[in-house]
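Notes follow the structure.
Position 1 is the first residue of the sequence; numbering continues from there. Start at 1 and go down the list; that is how both ligands and their atoms are numbered.
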Amino acid sequence: MNGGQSLGEFERIATYFAPLAGPEALGLSDDCALMRPRPGFEIVLTTDTMVGGVHFFHDDPADLIARKLIRVNLSDLAAMGAIPRGYLLASSWRRDTTDAWIAAFAEGLRQDQAAFSVALFGGDTTSTDGPVTLTLTAIGEVEQGKALRRSTARPGDSLWVTGCIGDAGLGLRLRKGDALHASDRDRAYLLERHRLPTPRIEIGRALIGRASAAIDVSDGLLADIGHICETSGLGARIEAAAIPLSDPARRLVQAREAEIAALASAGDDYEICFSLPPSATPSDIPATRIGVLTDGTGVALIDPTGREVAVKHRGFRHF
Ligand SMILES: [Mg+2]
């Protein structure tokens, strides 16, 4: 953690971040970390930034912000079938950020380091007059040549998704104060699904050598299927009724196609969408078949009568 900090910032690093460092970090005493991948593996890298007021609310608990930051990055590693190893963290704290906030943030990192077997490899801290800005670079490894890709799907392959879709989008709407008629219990479930996604690391590992393509659902199911289609040069037909919804989500949207389309366009699910050769089934993987990849272009959402469902916004647009 280098570069022109005040003594206070060095003390913060020593107090809160040094205990999180793995052996690769060399005690945070050198300019870089050193990581040796296992023989036969290659390194997989990904980075994501979260900005206060954009990706999280300023009054979100600091430990949950930290855990979501780790998890969204690990989700990208999971989608490529990688084993997480560690991460670099670049953080710009507001000048009025308290030690208590940073202590809670570091505690969130510690919890998820333990949960996902990763360690801090290094990073940088600065202060800013703007919003808190957190960039985490996750580092993993995967068997050489075996990483799951978006671009390798084939026409006729079936499309599958893990878990349930739309919970996080509904959780975000609740968090923003939308008047949804949800019970207290459903509300708590949906809010939690938005605040703390679960990266599907074991599923990504299980898909190696089996899935023809994979992506994690971060921008919205339909948008992310669109990424597989664009890079693979294919189209997709998705059955709206097949999109897996949790019981709390189903109670809110009552399986109306327009609302399913909205859930399939909301982001932050962090499930894995993957394709399989036509005759294959992922019998040991908790996933739902939602459609098929076709020759052609575009992602069509189909209702039970075979009609295409109009989709207003196909996912989170970054700009
Ligand atoms: Mg991703």
(message) Suppose we only allow N, O or S atoms; which atom of D76 ends up nearest to the Mg ion (ligand 1)?
(response) OD1
(message) A side-chain contact here means heavy atoms from C-beta on lying under 4.5 Å apart; do P199 and F116 qualify?
(response) yes
(message) Given D268, which partner from the list K68, R193, R195 fulfils the salt bridge (Lys or Arg N to Asp or Glu O under 4.0 Å) test?
(response) K68
(message) I want to check something: taking the side chain as every heavy atom from C-beta on, are L20 and F121 in contact at a cut-off of under 4.5 Å?
(response) no
(message) Under 2.8 Å from the Mg ion (ligand 1), is there any N, O or S atom belonging to D224?
(response) no
(message) If you consider just the N/O/S atoms, which atom of D216 is the closest one to the Mg ion (ligand 1)?
(response) OD1
(request) Please check if the distance between the ring centroids of F105 and W93 is under 6.0 Å. (result) yes
